A.B. asks: 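What follows is a single structure, and I will ask about it in a moment.
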Amino acid sequence: MPSGYKHGDTPAKAMVRGTISYLESQGLPVNKSAIFRHFDLSRSQGYAALSASPVPKRDDPEWGETRGRPSKIADAEVAKMEQILWDPKYEDVSLNWSGLAEEAGLEVKCNRRTLHRAMGTLSYRRCLVCGRTNTLKRHREKRSDFARKALQAYPLKEDWRRVRFSGELHFAFGLDGRMRLTPRAGERLCSTCEQEPANGWPRDIRRLHAWAAVGYGFKSELVFYDSSTSPKGTGAMSMPDYCDKVLEKVVKPWLTASGPMAFVLEEDADVFAHGSASKVNLAQQWKDMHGLRCSFSCGESPDLSPLDSLWPPNKQWTSELLKEKDKDKDKERGWEDETLKKAAREAWAGLSQERVNMWVDAMPQRLQLVVEMDGRMVPW
Ligand SMILES: [Zn+2]
């Protein structure tokens, strides 16, 4: 009987708790709804499973909260923690969530999940405009370790030419034809770049979520997997969706066409649906069954992914297509899903194969730099 298993519990409920506690321990994003769906539990069953956790409800300040930033943490406290995460003097300190809260002098005691939700990640900060970075010690160690192993496995640029870097792109649409990619958890504006109003982004009017892969001489189509374009949707992919809409419908034909030795699929380690959190899950089973050669990315390392690092500065740009639409009297027409998809495809087409190829060929040097810079982010 697995530890943490309780009388009257079901294995699924115990696994929900185990999964969440694992993700938290690794500092990975926790999407409860997606985890409940994965184990076929309704929302109320899922929360009931969590309530059976050894931690009594009253000690969990997040309990019962439904959305948005936890009200337990004031804006000023978030700002103080943010300042610490940007401060080079903390780069060599092994901070965990409670250490960060303590350093920032938080008055109310918050649990890890609450802090994680408010701050996004503890691992690193990277300014989307000037490229300034701050990478905390524990994350630097993880990155150095990843870089060494990756260099051992794939020392030559020819090795990297077989890799197809894959993951989800979350497009967001603002007014006046503005588009952006939703920044990663550690991607922000530094305190200097934040002062410049033109760097800001008022709000998302619509969002569109797609899976994509690129590599040397290779670029997939965008695979739109979420039918909702609501500005509230996070576009977190479910594992069954990943297996069906991506692995089965897109990757399988690649295997059939070129054989399993022709490429290695690199998957984003931070996305639960890809199956990095455990050895036994639907996605891993699919990969085993079809002999897919794959590896997980380092995680929380936008410098090591072409899907993060080849976009315009600030991950923002203007779509001429949507700008034209905006001028229409019938503005609503500009927001049809098909038009949004067209704008996303246009942006994807703008990422030139030549730049991708150059980026891929620089991979061994890039990893070498990660090692030499003690795990810090490689500027680009
Ligand atoms: Zn900056």
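These numbers come from a predicted model, not from an experiment. Values reported hereafter were calculated over all heavy atoms of this structure, with side chains retained and with hydrogens, waters and symmetry mates removed. Both counts, for ligands and for their atoms, begin at 1 and track the order of listing.
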A.B. asks: Taking the side chain from K142 and the backbone from C298, do they hold a donor-acceptor pair closer than 3.5 Å?
C.D. replies: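 Such a contact is found between K142 side chain and C298 backbone.
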
A.B. asks: Okay, side chain of R161, backbone of Y216: is any donor-acceptor separation there less than 3.5 Å?
C.D. replies: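 Judged by distance alone, no pair lies under 3.5 Å.
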
A.B. asks: Under the ring pair (Phe, Tyr, Trp, His ring centres under 6.0 Å) definition, can you give me all pairs with a residue in residues 360-380, not counting sequence neighbours?
C.D. replies: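 Output for this query is empty, none listed.
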
A.B. asks: Sort by chain and number the protein N/O/S atoms that are closer than 2.8 Å to the Zn ion (ligand 1), and list them.
C.D. replies: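 Per the 2.8 Å query on the Zn ion (ligand 1), atoms found are C127 SG, C130 SG, C190 SG, C193 SG.
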
A.B. asks: Sequence neighbours left out, what passes side-chain contact (heavy atoms from CB on, under 4.5 Å) with R366? Give chain and number order.
C.D. replies: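 Once residues adjacent in sequence are excluded, the partners of R366 under the side-chain contact (heavy atoms from CB on, under 4.5 Å) criterion are L304, W359, A362, M363, V378.
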
A.B. asks: For D226 and S228, does a side-chain donor sit closer than 3.5 Å to a side-chain acceptor?
C.D. replies: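 There is no such pair (donor and acceptor under 3.5 Å, judged by atom type) between the side chains of D226 and S228.
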
A.B. asks: Distance-only criterion, 3.5 Å: show the donor-acceptor pairs between side-chain atoms of residues 148-156 and protein atoms not counting sequence neighbours.
C.D. replies:
from	atom 1	to	atom 2	distance (Å)
K149	NZ	D145	OD2	3.1

